[in-house]
Amino acid sequence: MGLSGTLAPIVLFCYNRPEHLQQTVESLQKNTLASKSELFVYSDGPKSEHDSPQVRKVREYLSQITGFHAIHIQEAEKNKGLAASVIDGVSHVLSKYQKVIVLEDDMLSATDFLSFMNEALDVYFDRADIFSVTGYTPPITFPANYPHDLYLVPRASSWGWGTWSHKWSKADWQVKDFPVLKSNADIRLEFNKGGDDLWPMLAKQQQGVIDSWAIRWTYSQFQNKAYGLYPIHSKIRNIGTDGSGTNFTFKSGEYGKEMAEGRVQMPADLVPDEKMVRAFGEYYRLPFLLKVKNRVKYGI
């Protein structure tokens with residue numbers, strides 16, 4: 001069926017980091033498709049009085065944004081938190097559109113990021129086994145002679161990603177069959193092919209230790225035997241790993257990979273490559289001591 005010719009709206013989530021937000025928006029504005037794309041911004045409310053000045057600065061900046069086909073700004077009065085904001089915001093936009101591109105306020109993008117995302121959303125629209133696409137790739141060691149510009153793995157990315165309404169609607173945000181997963185080691189092993197941090201994250205989510213939409217979205221993909229589509233070279237760079245983020249409060253220099261401009265070949269019949277899946281899973285391998293802590297502290 002495809003949706004060529006219609007551009008996916010961009011949904012941007014922000015909270016209390018005006019400087020990061022400005023860099024994110026300015027890099028988006030340099031995208032060749034920015035002026036033709038609609039932008040929906042969700043600005044979360046302050047957690048406390050302490051956050052109010054920064055949230056105010058964010059909203060002052062938002063009121064001055066230009067450079068997009070249309071701009072819609074939603075300002076939450078109270079703090080919803082990132083997980084609820086993303087689930088509600090993306091669901092709302094996908095109730096009106098068939099596809100969407102999603103960013104948080106700490107993502108720099110290559111000038112052809114929107115072009116790449118829109119093409120991927122068109123090419124893989126009908127693929128029931130592809131639930132999401134992203135412009136980001138982690139710095140993994142790729143197998144020699146891998147022939148494609150893209151790869152498929154059983155994990156969704158939360159950094160500069162996109163999806164379709166008919167796939168997002170299949171997400172199970174309550175994780176209703178969690179007891180089955182908890183009691184079946186084989187299913188857990190299969191789920192962890194996308195990284196052995198996945199099961200502990202899902203367990204912590206269900207215990208209320210963390211609040212993550214992304215782990216539930218990845219699990220929904222797993223339930224539907226679906227994959228996330230990634231590029232070999234990133235078109236997204238995260239600038240939120242400086243200790244300022246909500247869910248990323250330790251500093252890491254590992255995410256500063258350079259972004260790649262340039263056309264990406266998108267074979268409609270792309271299939272998962274076992275070596276790629278293994279290399280990807282290896283990157284997300286949990287350190288032994290963290291596994292011990294998970295077992296002792298959380299029983300997982």
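Please read these numbers as outputs of a predicted model, since none were measured by experiment. The residues of the chain are indexed from 1 along the displayed sequence.
Side-chain atoms of Asn16 do not come within 3.5 Å of backbone N or O of Val55 as any donor-acceptor pair. Judged purely by atom type and a 3.5 angstrom limit, Tyr230 uses its side chain to pair as donor or acceptor with the backbone of Arg155. One N or O on the side chain of Gln206 and one on the backbone of Gln174 form a donor-acceptor pair closer than 3.5 Å. The main-chain N or O of Thr163 is never found under 3.5 Å from a side-chain atom of Ser132 such that the two would form a donor-acceptor pair. Proximity of a side-chain donor or acceptor of Asn79 to a complementary backbone N or O of Gly45 within less than 3.5 Å is detected. Proximity of a side-chain donor or acceptor of Asn31 to a complementary backbone N or O of Ala110 within less than 3.5 Å is detected. The closest donor-acceptor contact from the side chain of Arg59 to the backbone of Glu75 lies at 3.5 Å or more, if one exists at all. No donor-acceptor pair closer than 3.5 Å links the side chain of Ser234 to the backbone N or O of Met259. With hydrogens and angles ignored, the 3.5 Å screen pairs a side-chain donor or acceptor of His166 with a backbone N or O of Phe125. A donor-acceptor contact shorter than 3.5 Å links the side chain of Asn118 to the backbone of Ala8.
Tyr151 and Thr137 share a donor-acceptor pair across their side chains, judged by distance under 3.5 Å alone. In summary, the side chains of Trp159 and Thr134 do not present any donor paired with an acceptor at a separation below 3.5 Å, with no hydrogens or angles considered. For the residue pair Tyr136/Asn238, the side-chain donor-acceptor check at 3.5 Å is not satisfied.
With respect to Asp122 and Lys99, a salt bridge is recorded, a charged nitrogen being found less than 4.0 Å from a carboxylate O. Note on Asp211 versus Arg216: salt bridge recorded, some NZ/NE/NH1/NH2 to OD/OE distance being below 4.0 Å. Salt bridge status for Lys57 with Glu60: absent, with no side-chain N to carboxylate O gap under 4.0 Å. With salt bridges taken as basic N to acidic carboxylate O contacts below 4.0 Å, none links Glu104 and Arg17.
For the atom pair Lys204 NZ and Ile215 CD1, the distance stands at 11.0 Å (nearest 0.5 Å).
Within the 4.5 Å cutoff, the side chain of Phe116 has heavy atoms near those of the Leu150 side chain. Between Ile101 and Ser37 the shortest side-chain heavy-atom distance does not fall below 4.5 Å.
Scored by the side chain to side chain donor-acceptor pair (under 3.5 Å) test, Glu261 finds Thr111 as partners (sequence neighbours excluded).
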Show your working on salt bridge (Lys or Arg N to Asp or Glu O under 4.0 Å) between Lys47 and Asp51 and close with a plain yes or no. CA-CA 6 Å; Lys47 280 182 190 160; Asp51 293 319; 5.9 Å; no
Starting from the C-alpha separation in whole Å, work towards a yes-or-no answer on side chain to side chain contact (heavy atoms under 4.5 Å, CB included) for Lys170 and Lys167. CA-CA 5 Å; Lys170 290 188 166 78; Lys167 296 169 187 180; 5.6 Å; no
Residues Phe178, Trp199; criterion ring pair (Phe, Tyr, Trp, His ring centres under 6.0 Å); working and verdict: CA-CA 10 Å; Phe178 182 74; Trp199 159 247; 5.5 Å; yes
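Closest approach of Pro138 and Tyr283 over heavy atoms only: CB-CE2, 3.5 Å. Across all non-hydrogen atoms, the minimal contact from Trp213 to Ser158 is CZ2-CB, 3.5 Å. Taking every heavy atom of both residues into account, Lys225 and Asp129 meet most closely at O-CB, 4.0 Å.
In this structure, Phe280 and Tyr284 have tilted ring planes: the angle between them lies in the 30° to 60° band. Phe40 and Tyr97 have perpendicular rings, their planes meeting at more than 60° on a 0 to 90° scale where under 30° would count as parallel.
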